[in-house]
Protein chains: 2
Amino acid sequence: MRLKTINSWLGIRAEVLSRIYDRTWKPGDLIPKEIDLAFEFGCSRTTVNRALRELAEAGTLERRRKSGTRVSLNPANKATLKIPLIKNEVNKIGKTYGYKLIQRKLCLPPDKIKNKMRINSGIKILHILALHTANDLPFVIEDRWINQHVLPESEKQNFKEHSANEWLVLNAPYTHGTISFSAINSSAENAHLLSIKSGAAVFEIERNTFDKENAITNVCLTYERGYRMLTTF
Amino acid sequence: MRLKTINSWLGIRAEVLSRIYDRTWKPGDLIPKEIDLAFEFGCSRTTVNRALRELAEAGTLERRRKSGTRVSLNPANKATLKIPLIKNEVNKIGKTYGYKLIQRKLCLPPDKIKNKMRINSGIKILHILALHTANDLPFVIEDRWINQHVLPESEKQNFKEHSANEWLVLNAPYTHGTISFSAINSSAENAHLLSIKSGAAVFEIERNTFDKENAITNVCLTYERGYRMLTTF
DNA sequence: AGCTGGTATATGTATGAACATATTAATAAG
DNA sequence: CTTATTAATATGTTCATACATATACCAGCT
């Protein structure tokens, strides 16, 4: 019955959220169909569709053809994490970024890496160990393997001035990847590099990127003690 | 000059990704404007817009009015984490979910919680400690504070059968929240609950949810040893 | 130089109409 | 009673068109 004219998709999204919030539409409820909402809000179905689609992508709504749109039972608490370049991450917290290459050489990867990157036995690949610092204090250990057979250019890079992290972003397009977060007790070597006690809990991010079926790189980032990864929703 | 007819937004998104991938368009490059792409792909600008908008949301492209669209310099490695109900998380790995309430009482929160939830001194709020199990083995410790002044219904719940986690999803609408991930050395109490050695590194997720300016709940989830949070991109 | 205002331009949004597609519900065949 | 077929329907997508809006660029002024 054409009560309001919130005729922008942002306005409609806000109104729908508000109705979910004030429990006019409760979790699990079916909400009116697009045409009816369009009439009520005094806009076209296209606009309603845009608003509802965004909410469905965010996990707030669930939509099915013919059935209709309902409020999600578990609002999928989706958090989107931005994984920035370490350099940017350090700059963002107002500290001075530093980088130091510790090791760079071709060697046989351990079984774990061999499996993850699908490297045959006896094949040497590029291993890089580096330290990123914030105000000259250890910030992150970058322990990286690069498949130089897939990425021949990488063999010409010495990674002395700039981290592999940065070079890869510009020069290694990927199709997909995996990422995992975990907590581990730091090894003696890592503890030494980070100037912490051996065994101290540290936050680790492991990332694998692929070019179709070929693994490009595997990196394990070990963060300074007390590091927190934050986001909002 | 109308070479192909990939005239669906998904097709166009794929084609654009492919061109970025094969380095026809390199990071930082300006790509043709919507109208030109529409002509080339033999579709309307609306469709191109949809494809490019999605890619911009994903962080692959950066768009500015008048300037145009360019390939992101740092493809914002955005990973979207789905934070499911613990029950669903356990079921997903094919294990039997269990829940045990350890403690539930009104008490004075420590300073840390008081600050985060903006609770005045001397005010008691609801504290819940519970253990979630997978195949009868400890999986997650849920250490939660609920502001029962904002959420009066919560005081009537005993949380014996179902976790606060589940009740809140259905009964506590929120406007926004924060989430943080970290690694810590487990305390003696948590180690005991999780049947691990005190000091072992454990993964922690801390979440705060708000109803406008009022904090609804603060929860700290401490996961079993070796837990990994995974996602793909 | 620096500031001001105007203009051109690429993206952003809205519309109504049309057709596509998934899925439910009704119906007919076995 | 069960299963295959068909119709109905809500969302999904595309289109041509129009207008809105941010902003880069330029001209003219101080």
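Convention: sequence-line order gives letters A, B, ...; per-chain numbering from 1.
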For residues 149-157 of chain B, run the donor-acceptor check on the side chains, cut-off 3.5 Å, and write out each pair with its distance to 0.1 Å, sequence neighbours left out.
from     : atom 1 : to       : atom 2 : distance (Å)
B/His149 : ND1    : B/Asn147 : OD1    : 3.4
B/Glu153 : OE2    : B/Lys156 : NZ     : 3.0
B/Ser154 : OG     : B/Leu151 : O      : 2.6
B/Gln157 : OE1    : B/Trp167 : NE1    : 3.4

Sequence neighbours left out, what passes side chain to side chain donor-acceptor pair (under 3.5 Å) with [X]? Give chain and number order.
X: B/Thr24; value: B/Asp22
X: B/Arg65; value: none
X: B/Arg50; value: B/Glu54
X: B/Glu89; value: B/Tyr223, B/Tyr227

Tell me the interatomic distance from [X], atom [atom1], to [N], atom [atom2], rounded to whole angstroms.
X: B/Asp36; N: C/dT9; atom1: CG; atom2: C1'; answer: 12 Å
X: A/Glu62; N: C/dA22; atom1: CD; atom2: P; answer: 19 Å
X: B/Leu55; N: C/dT11; atom1: CG; atom2: C1'; answer: 15 Å
X: B/Leu30; N: C/dT9; atom1: CG; atom2: P; answer: 15 Å
X: A/Glu54; N: C/dG12; atom1: CD; atom2: P; answer: 12 Å

Annotated protein contacts, base or backbone, on nucleotides 8-15 of chain D with a non-hydrogen cut-off under 4.0 Å, one of B, S, - each: BBBBBBSB
B/His132 ring center near B/Phe139 ring center (under 6.0 Å):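 Ring centres of B/Phe139 and B/His132 not closer than 6.0 Å.
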